[in-house]
2 protein chains.
Amino acid sequence: MLNYSTSEENYIKAIFHLQRQDGTVTTNELANELKTKPASVTDMMKKLKVKKLLNYQPYQGFRLTNEGNKVALGIIRRHRLWEYFLAEKLKFSWDEVHEVAEDLEHVSNKKLIDKLDEFLGFPRTDPHGDPIPDANGRIEMSKKICLTEMELNTIAIVSSVSDQSSEILELLEHKKIAIGTKLEVKKKFDFDNSMEVKIGRQPAFTISNQLAENIFVLSN
Amino acid sequence: MLNYSTSEENYIKAIFHLQRQDGTVTTNELANELKTKPASVTDMMKKLKVKKLLNYQPYQGFRLTNEGNKVALGIIRRHRLWEYFLAEKLKFSWDEVHEVAEDLEHVSNKKLIDKLDEFLGFPRTDPHGDPIPDANGRIEMSKKICLTEMELNTIAIVSSVSDQSSEILELLEHKKIAIGTKLEVKKKFDFDNSMEVKIGRQPAFTISNQLAENIFVLSN
DNA sequence: AAATAATTTTAGACAAAACTAAAAAAATAA
DNA sequence: TTATTTTTTTAGTTTTGTCTAAAATTATTT
């Protein structure tokens with residue numbers, strides 16, 4: 001695996017994330033995401049095309065090649081492992097880790113990252129609940145879905161909460177729901193869209209639709 | 001404290017280290033140290049002078065200002081803390097840490113470094129025995145001297161060994177001398193320049209001149 | 001002290017990554 | 001289907017950090 005500049009890595013990562021949503025990524029989307037100008041994006045797209053990291057025909061938008069995706073997963077692996085380290089070992093709070101990891105992720109020494117992974121105990125998700133690719137770039141492709149979309153009697157892991165207000169956190173704490181908690185939906189009520197869920201062998205309890213809409217889970 | 005580019009930081013660090021030996025640093029010395037060309041050095045010296053990090057008159061060599069020294073100590077602090085982390089936590093070997101720390105040292109988030117320091121338990125020296133500056137840039141200015149230069153009845157900490165052959169390591173292990181060991185010189189013999197040293201309360205033992213010349217210590 | 005050698009600086013170029021302004025292409029509206 | 005708007009690309013600069021080749025300065029010899 002070759003080495004890429006910080007700037008190239010930032011473009012690759014941004015394309016990877018935007019690809020998840022749409023199929024293909026446009027110049028303006030990317031310029032907006034990276035807070036740069038469309039002309040700069042076009043310049044970089046030409047460079048990355050030459051390096052065979054993305055497919056790109058003028059005016060047609062772009063998407064990463066297989067090689068490009070591999071590179072992106074490497075960057076994301078580094079980013080999320082550092083986030084985990086910062087939160088778990090250095091006691092950074094939930095919302096501070098991203099910014100610092102943005103810098104650390106560009107130190108691309110494979111041995112460093114694999115040893116860090118081992119030191120941390122091979123964590124499966126970062127502090128935001130997003131999955132961490134393994135040393136081979138494999139990632140749990142369990143897409144993040146809203147708790148409201150889960151099928152009955154399937155188990156999913158709570159991965160993130162979109163609203164971060166203290167009110168919702170109080171409620172989640174009371175119901176013993178945290179990131180990493182395994183939830184099973186037992187019933188859904190059409191009247192108010194509330195649902196009954198279970199954690200492990202404990203008795204099922206009720207979650208309102210407002211709450212469920214703010215909980216996202218990884219379902220295999 | 002402002003932010004400096006990776007390149008600027010590498011120059012500042014190199015000047016700091018070269019200054020220790022001579023008083024002032026020359027263009028060629030620096031070009032050689034950084035594996036770059038003299039013309040590039042001159043260009044950078046002009047930039048660093050404008051930023052008031054060094055004193056420099058054409059053809060007269062250069063040395064860091066107080067501000068420049070502060071910046072250098074910040075970089076060295078980061079470098080050595082990461083080295084300690086790599087060796088102690090990630091189980092990198094003694095001779096692998098430097099290269100990786102060369103990259104990590106340029107991530108200059110103060111909170112990150114101070115929390116890392118705390119996580120590591122405020123180590124006083126890196127894995128090579130070199131002192132780590134504290135959060136205020138203070139460093140144990142105990143200069144590294146050769147064991148042969150130590151005065152009688154003073155205590156010093158073994159900080160490094162210049163020869164790294166397995167023969168010397170075998171001998172050091174046998175005599176229970178390691179980095180961090182506190183040594184006190186009790187006698188010196190002019191005949192063969194051998195010396196008698198003590199570790200703690202144990203009985204004094206003899207060290208040959210050849211061995212002493214390869215042991216460096218931090219004497220307060 | 002003049003000549004030669006070594007060191008250092010200047011001048012001019014180049015590559016990477018960004019920008020602005022203008023041109024070209026695609027999408028949308030009339 | 002034209003006309004207009006939006007998006008994207010091109011062309012030409014800028015900044016940072018590097019380089020080579022040549023000029024200037026300092027150091028060393030004879």
Side-chain angles (χ1 to χ4, degrees), chain A residues 2-15 18-19 21-64 68 71-72 75 102-103 105-108, chain B residues 2-15 18-19 21-64 68 71-72 75 102-103 105-108:
Chain A
L2 292 171
N3 244 41
Y4 301 100
S5 72
T6 295
S7 187
E8 288 171 325
E9 289 192 343
N10 285 334
Y11 276 95
I12 293 165
K13 194 176 47 145
I15 296 169
L18 291 172
Q19 258 182 196
Q21 286 143 23
D22 324 276
T24 170
V25 183
T26 69
T27 306
N28 268 356
E29 274 181 306
L30 201 43
N32 186 58
E33 173 82 9
L34 292 170
K35 277 129 179 49
T36 181
K37 296 289 178 287
S40 308
V41 171
T42 302
D43 287 345
M44 183 59 88
M45 294 307 99
K46 288 186 199 160
K47 278 183 55 180
L48 296 181
K49 184 188 182 181
V50 168
K51 298 192 178 187
K52 302 208 184 299
L53 295 177
L54 56 78
N55 295 121
Y56 160 57
Q57 294 304 117
Y59 299 101
Q60 301 305 135
F62 13 84
R63 61 182 323 154
L64 296 173
V71 174
I75 302 163
E102 284 289 293
D103 288 333
E105 73 184 8
H106 299 296
V107 177
S108 63
Chain B
L2 291 172
N3 244 42
Y4 300 100
S5 72
T6 294
S7 187
E8 288 172 326
E9 289 191 344
N10 285 334
Y11 276 94
I12 294 165
K13 192 176 48 145
I15 296 168
L18 291 172
Q19 256 181 197
Q21 286 142 24
D22 322 276
T24 170
V25 183
T26 69
T27 305
N28 269 357
E29 273 181 306
L30 199 45
N32 186 58
E33 172 83 8
L34 293 169
K35 276 128 180 49
T36 182
K37 297 289 177 283
S40 309
V41 171
T42 302
D43 286 347
M44 184 58 89
M45 293 308 98
K46 287 187 201 159
K47 277 184 55 179
L48 296 182
K49 184 187 181 179
V50 169
K51 296 191 180 187
K52 301 209 185 299
L53 295 176
L54 55 78
N55 294 121
Y56 159 56
Q57 292 305 119
Y59 299 101
Q60 302 305 136
F62 13 84
R63 61 182 323 154
L64 296 173
V71 173
I75 301 164
E102 284 290 292
D103 289 332
E105 73 185 8
H106 300 295
V107 177
S108 62

Q: Identify, with sequence neighbours excluded, every residue that meets side-chain hydrogen bond (donor to acceptor under 3.5 Å, both in side chains) alongside B/Asn10.
A: B/His106
Q: Report all interatomic pairs (protein N or O, nucleotide N or O of nucleotides 9-12 of chain D) with separations under 3.5 Å.
A:
residue: D/dT9; atom: OP1; partner: A/Tyr56; partner atom: OH; Å: 2.6
residue: D/dT9; atom: OP1; partner: A/Tyr59; partner atom: N; Å: 2.8
residue: D/dT9; atom: OP2; partner: A/Thr27; partner atom: OG1; Å: 3.1
residue: D/dT9; atom: OP2; partner: A/Thr42; partner atom: OG1; Å: 2.9
residue: D/dT9; atom: O4'; partner: A/Tyr59; partner atom: OH; Å: 3.4
residue: D/dT10; atom: OP2; partner: A/Lys46; partner atom: NZ; Å: 2.9

Q: Please state how far atom CD in B/Glu8 lies from atom P in D/dT15, giving the value in whole angstrom units.
A: 15 Å
Q: For A/Thr26, check side-chain hydrogen bond (donor to acceptor under 3.5 Å, both in side chains) against everything at least two apart and list the hits.
A: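 A/Glu29.
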Q: Who passes side chain to side chain contact (heavy atoms under 4.5 Å, CB included) against B/Ala14, sequence neighbours left out?
A: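 Result, side chain to side chain contact (heavy atoms under 4.5 Å, CB included) vs B/Ala14: B/Leu30, B/Glu33, B/Leu34.
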Q: For D/dT18 and B/Ser7 - does any side-chain N or O of the residue sit under 4.0 Å from the phosphate oxygens OP1/OP2?
A: yes
Q: Do the side-chain N or O atoms of A/Asn28 get closer than 4.0 angstrom to the phosphate oxygens (OP1, OP2) of D/dT6?
A: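 A/Asn28 to D/dT6 OP1/OP2: no side-chain N or O under 4.0 Å.
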Q: Check the distance between C/dA16's P and A/Leu48's CG and give it to me in whole angstrom.
A: 12 Å
Q: Check whether any side-chain nitrogen or oxygen of A/Thr26 sits under 4.0 Å from OP1 or OP2 of D/dT7, and answer yes or no.
A: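 Negative; the distance criterion is not met.
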Q: What are the two closest heavy atoms between B/Pro38 and B/Thr27, and how far apart are they?
A: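 Closest heavy-atom pair between B/Pro38 and B/Thr27: O-CG2, 3.6 Å.
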Q: Only distances under 3.5 Å count here; give the side-chain donor-acceptor pairs of residues 48-62 of chain B to other protein atoms, sequence neighbours excluded, each with its distance to 0.1 Å.
A:
residue: B/Lys49; atom: NZ; partner: B/Tyr56; partner atom: O; Å: 3.0
residue: B/Lys49; atom: NZ; partner: B/Gln57; partner atom: OE1; Å: 3.4
residue: B/Lys51; atom: NZ; partner: B/Glu8; partner atom: OE2; Å: 2.7

Q: May I have the distance from B/Lys37 (atom NZ) to C/dT10 (atom P), rounded to whole angstrom?
A: 19 Å
Q: CE of B/Met44 versus C1' of C/dT8: gap in Å, rounded?
A: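 One finds 17 Å between C1' of C/dT8 and CE of B/Met44, rounded.
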Q: Between B/Gln19 and B/Leu64, is any pair of side-chain heavy atoms under 4.5 Å apart?
A: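 The answer is yes, as the side chains (C-beta and beyond) meet within the 4.5 Å cut-off.
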